[in-house]
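Below: the structure, in structure tokens.
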Amino acid sequence: MNTLSYKTVSANKKTVNKQWVVVDAQGEILGRLSTKIAMIIRGKTKPDFTPNVDCGDNVIVINADKVKLTGNKFSEKQYVSYTGYPGGQRFISPKELMAKHPERVIEKAVRGMLPKSRLGKALFGNLYVYAGSEHPHAAQNPTTI
């Protein structure tokens, strides 16, 4: 038996094949969509996945303003932030956030599913979310999922 053929392949920054992917969020449920996006960004859909390398694809999400939340989450869920000052805890519901910045609902969901490290911050830079159906990344020839 040839044991040299059983080498484990580890991807690195030079050998990674990054692609561009467009995901349409119209009518999709937020959590289910976010898990798929996080898996693609992380690179877990590729056979050469390496946990410590940015080997995922760049993801463009369009129609972020048409994403759905199940149950009463649209009005009852709360995103919490802290200003750093005493009494500076702020709460906002997805309904209010969708009215101001519809992209941030998807961004917050995907960011929470990525690693909490330097790699996670770098992976989050591969996500591009747009409220409408147009995006400025046509030059990258993205494939549609």
Side-chain angles (χ1 to χ4, degrees), residues 6-145:
Y6 292 105
K7 295 287 183 185
T8 302
V9 178
S10 281
N12 59 28
K13 194 178 266 190
K14 296 172 190 152
T15 62
V16 169
N17 182 18
K18 295 179 77 69
Q19 297 171 349
W20 287 78
V21 177
V22 174
V23 177
D24 191 0
Q26 184 170 2
E28 296 286 330
I29 297 170
L30 177 64
R32 294 172 189 268
L33 176 71
S34 299
T35 54
K36 291 175 187 168
I37 293 170
M39 293 274 282
I40 294 169
I41 288 176
R42 186 86 199 274
K44 288 200 164 195
T45 58
K46 294 187 173 186
D48 60 345
F49 169 69
T50 308
N52 61 333
V53 177
D54 177 6
C55 57
D57 295 333
N58 296 307
V59 177
I60 305 162
V61 181
I62 57 174
N63 294 322
D65 53 346
K66 296 180 179 78
V67 74
K68 295 190 296 188
L69 279 87
T70 58
N72 297 330
K73 291 188 207 108
F74 196 66
S75 57
E76 292 181 5
K77 180 180 170 86
Q78 289 189 334
Y79 296 112
V80 182
S81 62
Y82 180 61
T83 63
Y85 290 96
Q89 199 172 23
R90 303 287 184 251
F91 302 95
I92 189 167
S93 70
K95 187 175 187 178
E96 298 167 5
L97 193 60
M98 287 286 262
K100 292 181 183 179
H101 306 284
E103 310 89 22
R104 291 192 188 164
V105 175
I106 293 178
E107 287 175 356
K108 283 178 174 286
V110 173
R111 178 177 279 170
M113 296 178 187
L114 294 175
K116 312 320 186 252
S117 62
R118 285 183 288 183
L119 177 63
K121 288 179 177 70
L123 291 171
F124 185 71
N126 297 333
L127 176 66
Y128 304 89
V129 184
Y130 299 101
S133 61
E134 299 296 320
H135 62 85
H137 303 285
Q140 279 76 22
N141 297 323
T143 58
T144 306
I145 291 183

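Because only heavy atoms are used, hydrogens play no part in the values below, and waters and symmetry mates are left out as well, while side chains stay in.
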Where do Asn12 and Thr15 land on the side chain to side chain donor-acceptor pair (under 3.5 Å) test, with the steps shown first? CA-CA 5 Å; Asn12 59 28; Thr15 62; 3.1 Å; yes
Evaluate side chain to side chain contact (heavy atoms under 4.5 Å, CB included) for His135 paired with Val22, printing each intermediate quantity in order. CA-CA 9 Å; His135 62 85; Val22 174; 3.9 Å; yes
Kindly indicate, with the supporting measurements, whether the criterion side chain to side chain contact (heavy atoms under 4.5 Å, CB included) is fulfilled by Ile29 and Leu33. CA-CA 6 Å; Ile29 297 170; Leu33 176 71; over 6 Å; no
Start with the C-alpha distance between Trp20 and Thr143, add both sets of side-chain angles, then the distance that settles side chain to side chain contact (heavy atoms under 4.5 Å, CB included), and finish with yes or no. CA-CA 6 Å; Trp20 287 78; Thr143 58; over 6 Å; no
Please report the C-alpha distance between Ile40 and Ile145 in whole Å, then the side-chain angles of each, then the deciding distance to 0.1 Å, and finally whether the side chain to side chain contact (heavy atoms under 4.5 Å, CB included) criterion is met. CA-CA 11 Å; Ile40 294 169; Ile145 291 183; 3.7 Å; yes
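When side chains are defined from C-beta on, Pro94 does not count as touching Gln78, because their heavy atoms never get closer than 4.5 Å. Looking at heavy atoms from C-beta onward, Arg42 lies in side-chain contact with Phe49 at the 4.5 angstrom threshold. The shortest side-chain heavy-atom distance between Lys68 and Phe74 does not fall under the 4.5 Å cut-off. Here the side chains of Val53 and Val16 are in contact, with some heavy-atom distance below 4.5 Å. Put simply, the side chain of Gln89 reaches to within 4.5 Å of the side chain of Val80, judged on heavy atoms. Residues Ser81 and Phe91 have side chains not in contact (no heavy-atom distance under 4.5 Å, counting atoms from C-beta outward). At a threshold of 4.5 Å between non-hydrogen side-chain atoms, the residues Lys13 and Cys55 do not count as touching. Val21 is not listed as a side-chain neighbour of Ile60, based on a closest heavy-atom distance of 4.5 Å or more.
Nearest heavy atoms, Val61 versus Ala25: CG1-CB, 4.0 Å. A pairwise comparison of heavy atoms in Asp65 and Ala131 identifies OD1-O, 2.5 Å as the closest pair. Nearest heavy atoms, Gly120 versus Leu114: O-CD1, 4.1 Å. Scanning both residues, Asp24 and Asn63, for their nearest heavy atoms gives OD1-ND2, 2.7 Å.
The environment of OH in Tyr85 is sparse: at most 12 heavy-atom neighbours from other residues, nucleotides or ligands sit within 6.0 Å. Counting non-hydrogen atoms of neighbouring residues, nucleotides and ligands closer than 6.0 angstrom, the NZ atom of Lys36 reaches no more than 12 such neighbours. Lys116 NZ: more than 12 foreign heavy atoms inside a 6.0 Å radius.
Contact check on Lys18 versus Asp54 returns a salt bridge, with a Lys/Arg side-chain nitrogen under 4.0 Å from an Asp/Glu carboxylate oxygen.
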For residues 102-113, please give each side-chain donor-acceptor pair under 3.5 Å, one per line with the distance, not counting sequence neighbours.
none

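Put simply, NZ on Lys95 and CE on Met98 are 11.5 Å apart, with the number rounded to the nearest 0.5 Å. Distance check, rounded to the nearest 0.5 Å: NZ of Lys46 to CG of Asn17 gives 5.5 Å. Between Asn52 atom CG and Ser10 atom OG the span is 7.5 Å, to the nearest 0.5 Å. The distance from the CD atom of Glu96 to the CD1 atom of Ile92 is 5.0 Å, given to the nearest 0.5 Å.
Within the 6.0 Å centre-distance limit, the rings of His137 and Tyr128 are counted as a close aromatic pair.
Side chain of Ser93 to main chain of Lys77: no donor-acceptor pair is present (N/O by atom type, distance under 3.5 Å, no hydrogens or angles).
Side-chain contact check for Asp57 and Asn126: no donor-acceptor pair (N or O, by modelled atom type) lies under 3.5 Å.
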